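Remarks on the structure that follows.
Quick caveat, the model's predicted, so the values are computed rather than measured. In each ligand, atom 1 is the first atom listed, and ligand 1 is the first ligand listed.
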Amino acid sequence: MTKIAAVIVASNARDAERDARAALSGGADLAELRLDQLDSLNSSVVRSLSAAVGPRAIATLRSPSQGGGASMTNRNDLMRDIAAQRFAYIDIELEADGARAEELTKAAKRHRTGVIASHHFAKPADLSDVQDALESCSAIGDVAKVAVPVATIESVIQLVDLMRSRASRKARTVVIGTGIPGTMTRALADDCGQEIQYASWGRSVVAGQLTLAAAKRLRGRTPIVLGIVGHPIGHSLSPAIHEAALAALDLPGVYLPFDVERDSLDALLQSADRLRIRGLNVTIPHKESIVERLDELDGDAERLGAVNTVLIGDGWTKGHNTDVFGFRLSLRSLGLRVGDRAALVVGAGGAARAVVDVLLREGAKVQVASRNVKRSESLAEAFDQPVEVVPMEKLARSGPWDLLVNATPVGAQGFSDGLPVPESILAKAGFVYDLVYNPPTTRLVAEAKRLGKPTTSGLEMLLHQAAKSFELWTGRAPPIEAMRRAAKEALS
Ligand SMILES: NC(=O)c1ccc[n+]([C@@H]2O[C@H](COP(=O)([O-])OP(=O)(O)OC[C@H]3O[C@@H](n4cnc5c(N)ncnc54)[C@H](OP(=O)(O)O)[C@@H]3O)[C@@H](O)[C@H]2O)c1
C-alpha cells in the first residue's frame, strides 16, 4: 500500500518536530521534514530531529534550483550530516547531489536509511524526458521520484499510464504531476502503486497536493474521481461543495477541476475509465457539445439538449440535467408557487432552458428576453407549450410578472456588475430570482431589495443540483447541510 508522507514545513526545528509528531499520530505513515525551510540548520539540529522522529521521517534538503528554500552555501556538508543519521529515507537529488550520490547512498545504507532519488522539472517536459529521469533516479535510489508540471489532460493521462507501467514492473516509483491539473496523479497514487503519497499538513507547499485527511480517505480503496469540466473553470463552488460531501460520508473520492477545451473533451471521456472518473459536472461551454459524445441521456437532458452531469460506468456514459431538478426543488424550498403565474426569464442559454422547462411544467405563463432574439426563439421552439419571446427593447410594454429570473451571468464575479434589465423593468416584477450565486448579493438582488421585493440568489438551486449529481454518482443520500456549509464558507 502507498505510504502517506505528511509534508512538514516549519521555520524552526521545535515546530518541525511538533508538527511531525502530530501528523504521525494523525495517521501519516511518514513525515517529510523539509529541512531546507528551517531558518537555521546545522549538524546538531539534524541529530536532534533524527533522534526525535528519524525512523518515521523523510529528510529532504531541497536545493534552490529544485524549488527549495533559501540558498545554502554548505548544502554538501549538510547532506553528509543527514546521511550520517538514521532516517526512514533521505532525499538525494539527481542534479545537485549526483556527483556525491554514491558516497551519500553508502552512508545512508550504513544507518538503514532508504534513498529516494528525485528530480523536479521546472517546466512541462516530454514523456521521454520524464522516463529518462526516472531511470536515472532508479539507478541511484531505492525509490525514484520525479515531479513535473502538467497543464493539459493529455499529459496527465500519459503520466498515469507511466505510473501504472512502472508499478507493473515493480519499480518503486513516485510520479507527481504538479499544479492543479496534476492533482489526478496524487488522487490515483495508491491505485497506480506509487511508493509514497506526499500530502499537505497545515500550509500546502505545492498546488494540487492532497490534504492528509483526503489522502487517508483514499488509501487502500478504489478511488472515486469526480470533477467539473469547462473552459475556463473560473471560481466554481462545486469543488468545495463536493469535497465536503465526500469527506462527510468518508468516501474515497476527490473532486477535480478539468479545464478542458472542446478539442480535448473526447480525450477526457475516452480515458475516464483509466482515470477512475465516475462522474463529471459540465459547465460553459460544453453543456450542449457534450450531448453527442454520450451513450445515453436522461429525459431532462434529452428534452433540453443540455447536460450538466455525466455518470460514467464501465465504458458507458449517461448525461443528466440536474439544473432542472435543482431549480424545481429550490422553488419548493423557497415556498414559491408559480402555477398560472406570469414569469419573465432573462437570458436564453442552458440555464434559461432548465428554468423555462420547470416553469412550464408547473403551469406558469413564460416570457423570455435575451440580447440575442434568435437564441430566444430557438429556446422557445424547443418546448411544446407556448413561450413568448420579447425583445429586450419591448420589455417596457410587457409585464407585470410575478417572477423574474435572471439566467444571464450579468452580476456574477468576473462579469459586468450591471443589471440584466433596467430598473424600470425590475419595478414591474414580484419575486426576483437571480441564478447567479457568487457574489451572494448581486446588484440585481440589491436593487430589488431596495424596491422592497423578495429575492433569492442561485445558491439553493446550486446546492440542489449538486446534491442530485452527487446522489447519481455515489448512490448515497447527499449530506446537504455539509454541502451548504461548504458553499457558504467558500463564498464568505
Ligand atoms: N444557481 C445555479 O445552480 C446555476 C445553474 C446554472 C447556471 N447558473 C448561472 O446562470 C448563468 C447562465 O448560465 P448558462 O449556463 O445558461 O450560460 P450560457 O448558456 O452561456 O447562457 C448565458 C445567457 O446569458 C446571455 N448573456 C451572456 N452575457 C451577457 C451580458 N453581458 N449581457 C446580457 N446577456 C448576456 C447569453 O446571451 P448570448 O447568447 O448573446 O451570449 C445567454 O442568453 C451563469 O451565471 C451561471 O453561473 C446558475
Side-chain angles (χ1 to χ4, degrees), residues 228-238 240-242 281-291 300-301 304-309 320-331 333-334 344-358 367-380 382 387 389-393 395 404-422 425 432-440 442-445 455-470 480 483-484 487-488 490-491:
I228 180 164
V229 53
H231 181 73
I233 294 290
H235 298 286
S236 171
L237 286 190
S238 298
I241 293 174
H242 288 290
N281 279 135
V282 187
T283 186
I284 297 172
H286 303 315
K287 280 187 174 180
E288 286 161 31
S289 55
I290 203 164
V291 166
D300 289 336
L304 301 182
V307 161
N308 82 330
T309 301
H320 295 255
N321 192 312
T322 68
D323 281 342
V324 173
F325 176 87
F327 185 67
R328 191 188 305 123
L329 223 73
S330 75
L331 293 181
S333 64
L334 292 161
L344 172 66
V345 178
V346 185
R353 280 180 186 238
V355 167
V356 169
D357 187 65
V358 173
Q367 292 186 319
V368 171
S370 82
R371 65 181 180 183
N372 180 339
V373 173
K374 281 219 166 69
R375 201 164 175 194
S376 299
E377 283 168 355
S378 99
L379 179 152
V387 175
V389 173
V390 186
M392 289 298 268
E393 63 280 6
L395 278 177
L404 183 151
V405 182
N406 173 38
T408 78
V410 176
Q413 200 181 55
F415 286 84
S416 80
D417 70 346
L419 285 171
V421 287
I425 304 300
V432 175
Y433 194 137
D434 199 340
L435 294 197
V436 174
Y437 48 80
N438 190 6
T442 56
R443 207 175 133 209
L444 176 71
V445 167
T455 63
T456 187
S457 79
L459 187 60
E460 276 304 295
M461 174 177 172
L462 180 79
L463 279 171
H464 289 298
Q465 65 78 25
K468 185 68 186 171
S469 303
F470 188 86
I480 189 94
M483 297 168 93
R484 181 177 278 116
K488 288 193 168 158
L491 282 172

Fill in the blank from the handout: Numbered in order shown, the ligand 1 atoms found under 4.0 Å of a heavy atom of Lys287 are 6 (C), 15 (O)

Exercise for the section: Please tell me if the side chains of Phe470 and Met483 come closer than 4.5 Å, counting only heavy atoms from C-beta onward. Expected result: yes

Practice task
Indicate yes or no: does an N/O atom of Arg371 lie under 3.5 Å from an N/O atom of ligand 1?
Solution key: yes

Exercise for the section: Please name the residue in the list Leu435, Val387, Leu379, Val355 that meets the side-chain contact (heavy atoms from CB on, under 4.5 Å) test with Val345. Expected result: Val355

Practice task
Give the contacting part of Thr408 toward ligand 1: side chain, backbone, both or neither, where contact means a heavy-atom distance below 4.0 Å.
Solution key: both

Practice task
Check whether any heavy atom of Gly326 sits under 4.0 Å from an atom of ligand 1.
Solution key: no

Practice task
Return the orientation label for the Phe327 and Tyr433 ring planes: parallel under 30°, perpendicular over 60°, tilted otherwise.
Solution key: tilted

Completion exercise
Going by the 4.0 angstrom heavy-atom rule, the piece of Pro285 near ligand 1 is neither

Problem - Any donor-acceptor N/O pair, Ser457 side chain to Tyr437 backbone, under 3.5 Å - result: no

Handout entry: N/O separation below 3.5 Å, Gly458 to ligand 1
Key = yes

Fill in the blank from the handout: Any heavy atom of Ile284 under 4.0 Å from ligand 1? The part involved is side chain

Problem - atom 19 (O) of ligand 1: the protein heavy-atom neighbour that sits closest, reported with distance to 0.1 Å - result: Gly350 N, 3.1 Å

Handout entry: Polar atom proximity, Gly347 to ligand 1 (N or O, under 3.5 Å)
Key = no

Exercise for the section: Heavy-atom distances under 4.0 Å are what count here, so tell me which part of Tyr437 touches ligand 1: side chain, backbone, both or neither. Expected result: side chain

Exercise for the section: Please say whether Leu459 places an N or O atom under 3.5 Å from an N or O atom belonging to ligand 1. Expected result: no

Practice task
Check whether any N or O atom of Ala351, backbone or side chain, sits under 3.5 Å from an N or O atom of ligand 1, and answer yes or no.
Solution key: yes

Exercise for the section: Any atoms of ligand 1 less than 4.0 Å from a non-hydrogen atom of Asn372? List them with their elements. Expected result: 40 (O)

Exercise for the section: Kindly say whether Asn308 contributes a backbone atom to a donor-acceptor pair with the side chain of Asn321 at under 3.5 angstrom? Expected result: no

Exercise for the section: Please write down residue, atom name and distance for the protein heavy atom closest to atom 23 (C) of ligand 1. Expected result: Ala407 O, 3.8 Å

Handout entry: Any Thr408 side-chain heavy atom under 4.5 Å of Arg371 side chain
Key = no

Exercise for the section: Check whether any side-chain heavy atom of Met392 sits under 4.5 Å from a side-chain heavy atom of Val346, and report yes or no. Expected result: yes

Exercise for the section: For residues His464 and Ile480, determine if any side-chain heavy atom of one lies less than 4.5 Å from a side-chain heavy atom of the other. Expected result: yes

Completion exercise
Per side-chain contact (heavy atoms from CB on, under 4.5 Å), Leu344 is matched among Leu404, Val405, Val368, Asn406 by Leu404

Fill in the blank from the handout: Exactly one of Arg328, Lys468, Lys287 clears side-chain hydrogen bond (donor to acceptor under 3.5 Å, both in side chains) with Asp323, and that residue is Lys287

Handout entry: Contact check: Leu462 vs ligand 1, nitrogen or oxygen atoms, below 3.5 angstrom
Key = yes

Practice task
Please say whether Val410 places an N or O atom under 3.5 Å from an N or O atom belonging to ligand 1.
Solution key: no

Completion exercise
In this structure, atom 43 (O) of ligand 1 is nearest to the protein heavy atom Ala348 N, 2.8 Å

Practice task
Going by heavy-atom distance to atom 26 (N) of ligand 1, choose the closest among Pro409, Gly411, Ser330, Ser416.
Solution key: Pro409

Handout entry: Stepwise side chain to side chain donor-acceptor pair (under 3.5 Å) test for Ser370 and Asn372
Key = CA-CA 5 Å; Ser370 82; Asn372 180 339; 5.6 Å; no

Completion exercise
Nearest non-hydrogen protein atom to atom 48 (C) of ligand 1, with distance, is Leu435 O, 3.4 Å

Fill in the blank from the handout: In this structure, CG of Leu459 is separated from CG of Leu237 (nearest 0.5 Å) by 7.5 Å

Practice task
Out of Arg353, Gln413, Met392, Arg375, indicate the one that has the non-hydrogen atom closest to atom 36 (C) of ligand 1.
Solution key: Arg375

Exercise for the section: Please report which non-hydrogen protein atom sits nearest to atom 18 (P) of ligand 1, along with the residue it belongs to and the distance in Å to one decimal place. Expected result: Gly349 CA, 4.0 Å

Problem - atom 46 (C) of ligand 1 touched by protein heavy atom at under 4.0 Å - result: no

